[in-house]
Amino acid sequence: MSGFFITATDTEVGKTIITGGLAGILRQRGWDAGVYKPIQSGHLASNPQGDAARLQHLSGVSDPVTEICSYSVDEPLAPLLALRRAGKNVCLHDLISQYEVLKRKHDVLLVEGAGGLAVPYVEDGLVVDLAVQLSLPLIIVVRPNLGTVNHTLLTIEYARARGLRIAGVISSGLGKTPIGIVEETNPTLITQYGDVPFLGSLPWLGPHPSREKLLHTMETALQIEILEKQI
Ligand SMILES: Nc1ncnc2c1ncn2[C@@H]1O[C@H](COP(=O)(O)OP(=O)(O)O)[C@@H](O)[C@H]1O
Ligand SMILES: [Mg+2]
């Protein structure tokens, strides 16, 4: 079993859409890929608008949402705060236990973090600590526009300082705002200064893109085979 840990430069960048879409594509290509969202805040796992349900739909896995995400809280706060306010005392080993359950069911597991790497996550760690414990290479999802080089390089340096390997960087939402010199040059700058593979830019697909449209666009926009070589 192998897998990837999907993080981002911030929240609302595109982790869920990319994680679900990648799992869906890998499954279409014959891999038994699963998805795991260790902690979800903002929606209960059963809510169709939450990440667990979106990951289930986009990936096409048949695992119940409560297995995809076993710790969910309604309140839209950072995970640690939301869990504490809901009276839940969660530690890294709780998340690793559920990871082991899903790992036994799949050949490749795509794990979606929350926010970015330095988000307070559980009683004994930040998001980065789970990635370290799981020893998974990172996929970093980034915005395509101004400011993203700084955020991406900071994330890369922070990850490397903790011994994490970076499988690749993907940008999401290209074209939501006008594409100019910044959007055109960011991928090269990220590759040059970050020394990481840039796997491609997912175009902006408009509100509520269908699974079919997402998977089709990702197939053409992203270099999936670079990830497949790392499985
Ligand atoms: N390329 C894209 N095209 C269309 N919508 C997108 C795209 N990337 C992200 N979104 C939308 O932006 C919002 C945030 O994306 P999401 O994947 O939930 O981010 P995160 O998991 O990082 O918080 C969602 O509504 C998602 O559908
Ligand atoms: Mg998400």
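Below, all heavy atoms of this structure are taken into account, side chains as well, without hydrogens, waters or symmetry copies. Numbering starts at 1 and runs along the sequence shown. Start at 1 and go down the list; that is how both ligands and their atoms are numbered.
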Name whichever N, O or S atom of Glu112 ends up nearest to the Mg ion (ligand 2). OE2
Looking only at N, O or S atoms, find the one in Asp51 nearest to the Mg ion (ligand 2) and name it. OD2
Does any N, O or S atom in Thr11 come within less than 2.8 Å of the Mg ion (ligand 2)? no
Closer than 2.8 Å to the Mg ion (ligand 2): does that hold for any N, O or S atom in Glu12? no
Can Asp10 and Arg143 be said to form a salt bridge (Lys or Arg N to Asp or Glu O under 4.0 Å), step by step? CA-CA 9 Å; Asp10 198 0; Arg143 295 197 171 96; 3.4 Å; yes
Step through the shown structure and confirm whether more than 12 heavy atoms of other residues, nucleotides or ligands are within 6.0 Å of CZ on Arg85. no
Atom NZ of residue position Lys176 - does it have more than 12 heavy atoms of other residues, nucleotides or ligands inside 6.0 Å? no
I need the Ile6 CD1 to Lys37 NZ distance, nearest 0.5 Å. 10.5 Å
Salt bridge (Lys or Arg N to Asp or Glu O under 4.0 Å) between Glu219 and Arg29: does it pass, once the steps are laid out? CA-CA 11 Å; Glu219 274 281 5; Arg29 292 184 176 205; 2.7 Å; yes
More than 12 foreign heavy atoms under 6.0 Å from CD of Gln49: is that the case here? no
Contact table ligand 1 N or O to protein N or O, d under 3.5 Å:
from     : atom 1 : to     : atom 2 : distance (Å)
ligand 1 : 1 (N)  : Ser172 : OG     : 3.1
ligand 1 : 1 (N)  : Gly173 : N      : 3.4
ligand 1 : 1 (N)  : Pro203 : O      : 2.9
ligand 1 : 3 (N)  : Leu205 : N      : 2.8
ligand 1 : 8 (N)  : Ser172 : OG     : 2.8
ligand 1 : 17 (O) : Thr16  : N      : 3.1
ligand 1 : 17 (O) : Ile17  : N      : 3.0
ligand 1 : 18 (O) : Arg54  : NH1    : 3.0
ligand 1 : 18 (O) : Arg54  : NH2    : 3.2
ligand 1 : 19 (O) : Gly14  : N      : 3.0
ligand 1 : 21 (O) : Lys15  : N      : 3.4
ligand 1 : 21 (O) : Thr16  : N      : 3.0
ligand 1 : 21 (O) : Thr16  : OG1    : 2.9
ligand 1 : 21 (O) : Glu112 : OE2    : 3.2
ligand 1 : 22 (O) : Val13  : N      : 3.1
ligand 1 : 22 (O) : Gly14  : N      : 3.1
ligand 1 : 22 (O) : Lys15  : N      : 2.9
ligand 1 : 22 (O) : Lys15  : NZ     : 2.9
ligand 1 : 23 (O) : Glu12  : N      : 2.8

Below 4.5 Å, heavy atoms only, C-beta onward: do Leu26 and Glu228 meet side chain to side chain? yes
Using a cut-off of 6.0 Å, state whether more than 12 heavy atoms not belonging to Glu212 lie near its atom CD. no
